[in-house]
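Side chains included, hydrogens not; waters and symmetry mates left out as well; all remaining heavy atoms used. As the structure is a computational prediction, the values presented were derived from the model and not from experiment.
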Amino acid sequence: MSACQVVLWDWNGTLLDDVRYAIQVRNTVFPRFGLPTIESLDTYHEQFTFPVKDYYQRAGVTEASFKAVANAWMDEYVANCHTVPLFPDALYALDAFAAQQYSQVILSASKTDTLCRQLELAGIGDRFDAVLGLSHIYATDKTEIARAWLAQQRIDPAGCVLLGDTVHDAMVADALHMDCVLIARGHMGVQRLQRTGRPVCMDLREAVRQVFGKQ
């Protein structure tokens, strides 16, 4: 299926506008463990990375406390995740690809059940041909779940594009030999994304134009 057109969507920070919410959750949870709050988006962008365990270590979380902090963070995040909006241009982008008959898939380092709940809350659960998430909350590499799905579906990665907001998204695309467009308004800043060598856009309208321009 080398001629197929598949968009692999990252979720957090790409379709879901949850960066400020993630900082809010951090500032609620971290003091419980004697860890400092964070006020600057720039500082968050500098610290954030994958796997999330490495980000937590940059923020002062120890090996011994990692699982406790991660579980507390997730409990807090899930409690009010229904309040987190999609980016204003998310539906535009989904509609634009649907109109061109692209298959659309979610590829996220979120736990699958949380991911499916958020998609339903956002009213877009029926927009995707597959929802690919992890079996745990620790936000590790998502390369292998994508690789397995592509193999199962007999889809050539050359016919795919991954849209995301982190260096990890570029690394996944590199590993799978597919196109990638990064959007610099999520969990990482523009300079870090530009260093990947992948196209970097400032919003989803620009990202859609970038993808269609490659056809």
Visitor: Would you please say whether a donor-acceptor pair under 3.5 Å links the side chains of S103 and D129?
Guide: yes
Visitor: Does any donor atom in the side chain of H168 or D10 lie under 3.5 Å from an acceptor atom in the other side chain?
Guide: no
Visitor: Scan V61, T37, V25, I38 and name whichever one has a side-chain contact (heavy atoms from CB on, under 4.5 Å) with F30.
Guide: V61
Visitor: Is atom CD of Q194 surrounded by more than 12 heavy atoms (other residues, nucleotides or ligands) closer than 6.0 Å?
Guide: yes
Visitor: Which atoms form the tightest heavy-atom contact between L119 and V131, and what is the distance?
Guide: CD1-CG2, 3.7 Å
Visitor: If you take all heavy atoms of K142 and A109, which pair is closest and at what distance?
Guide: CD-N, 3.9 Å
Visitor: Closer than 3.5 angstrom, by distance alone: can the side chain of T14 be matched with the main-chain N or O of W11 as a donor-acceptor pair?
Guide: no
Visitor: With a 4.5 Å cut-off on side-chain heavy-atom distances among I, L, V, M, F, W and Y, is there a chain of contacts connecting L121 to V19?
Guide: no
Visitor: Is the shortest side-chain N to carboxylate O distance from R185 to D89 below 4.0 Å?
Guide: yes
Visitor: Below 4.0 angstrom, N of the basic side chain to O of the carboxylate: do R147 and E144 qualify?
Guide: yes
Visitor: What are the two closest heavy atoms between A184 and M202, and how far apart are they?
Guide: O-CE, 3.6 Å
Visitor: Thinking salt bridges, do K111 and D113 make one under a 4.0 Å N-O criterion?
Guide: yes
Visitor: State the CG-CG distance between L8 and L132, to the nearest 0.5 angstrom.
Guide: 7.5 Å
Visitor: Quick one: does N80's side chain get under 4.5 Å of Q24's, heavy atoms only?
Guide: no
Visitor: Got a salt bridge between K53 and E63, using NZ or NE/NH1/NH2 to carboxylate O under 4.0 Å?
Guide: yes
Visitor: How many angstroms lie between CG in L107 and CG in L150, if you round to the nearest 0.5 Å?
Guide: 8.5 Å
Visitor: Is R198 salt-bridged to D169, cutoff N-O under 4.0 Å?
Guide: no
Visitor: Is the centre of the Y92 ring less than 6.0 Å from the centre of the F97 ring?
Guide: no
Visitor: How long is the straight-line distance from CG of L193 back to SG of C201, given to the nearest 0.5 Å?
Guide: 10.5 Å
Visitor: Heavy atoms only: give me the nearest A173-C180 pair and the separation to one decimal.
Guide: CB-CB, 3.5 Å
Visitor: Below 4.5 Å, heavy atoms only, C-beta onward: do L86 and D17 meet side chain to side chain?
Guide: no
Visitor: Between atom CZ of R209 and atom CG of D203, what is the distance when rounded to the nearest 0.5 Å?
Guide: 6.5 Å
Visitor: Counting only N and O atoms by type, is there a donor-acceptor contact under 3.5 Å from the side chain of R58 to the main-chain atoms of E46?
Guide: yes
Visitor: A side-chain contact here means heavy atoms from C-beta on lying under 4.5 Å apart; do D179 and C160 qualify?
Guide: no
Visitor: Between R127 and D95, is the closest basic N to carboxylate O distance under 4.0 Å?
Guide: yes
Visitor: Please lay out, stage by stage, how S110 and L134 fare under the test side chain to side chain contact (heavy atoms under 4.5 Å, CB included).
Guide: CA-CA 6 Å; S110 292; L134 301 182; over 6 Å; no
Visitor: If only atom types and distance count, is the side chain of H45 paired as donor or acceptor with the main-chain N or O of G186 below 3.5 Å?
Guide: yes
Visitor: What I'd like to find out is whether the side chain of L16 reaches to under 4.5 Å of the side chain of Q118, using heavy atoms alone.
Guide: yes
Visitor: Would you check if the distance from the ring center of F66 to the ring center of F33 is below 6.0 Å?
Guide: no
Visitor: Starting from the C-alpha separation in whole Å, work towards a yes-or-no answer on side chain to side chain contact (heavy atoms under 4.5 Å, CB included) for L162 and W9.
Guide: CA-CA 6 Å; L162 196 162; W9 283 103; over 6 Å; no
Visitor: So which heavy atom on R26 is nearest to which on A59, and how close?
Guide: NH2-CB, 3.6 Å
Visitor: Measuring from atom NE2 of H187 to atom OG1 of T49, what distance do you get when rounded to the nearest 0.5 angstrom?
Guide: 12.5 Å
Visitor: Classify the angle between the aromatic ring planes of F48 and F50 as parallel (below 30°), tilted (30 to 60°) or perpendicular (above 60°).
Guide: perpendicular
Visitor: Quick one: sort the Y102 and F212 rings into parallel, tilted or perpendicular, breaks at 30° and 60°.
Guide: tilted
Visitor: Would F87 and L15 count as a side chain to side chain contact (heavy atoms under 4.5 Å, CB included) here? Give the steps.
Guide: CA-CA 6 Å; F87 279 106; L15 288 169; 5.8 Å; no
Visitor: Do you see a donor-acceptor pair shorter than 3.5 Å between the side chains of D18 and Y77?
Guide: yes
Visitor: Could you check D165 against L182 for side chain to side chain contact (heavy atoms under 4.5 Å, CB included), going step by step and ending with a plain yes or no?
Guide: CA-CA 5 Å; D165 69 311; L182 301 172; over 6 Å; no
Visitor: Measure across A96 and V208 and return the closest heavy-atom pair with its distance rounded to 0.1 Å.
Guide: CB-CG1, 4.0 Å
Visitor: CZ/R117 to OG1/T112 distance, rounded to the nearest 0.5 angstrom?
Guide: 15.0 Å
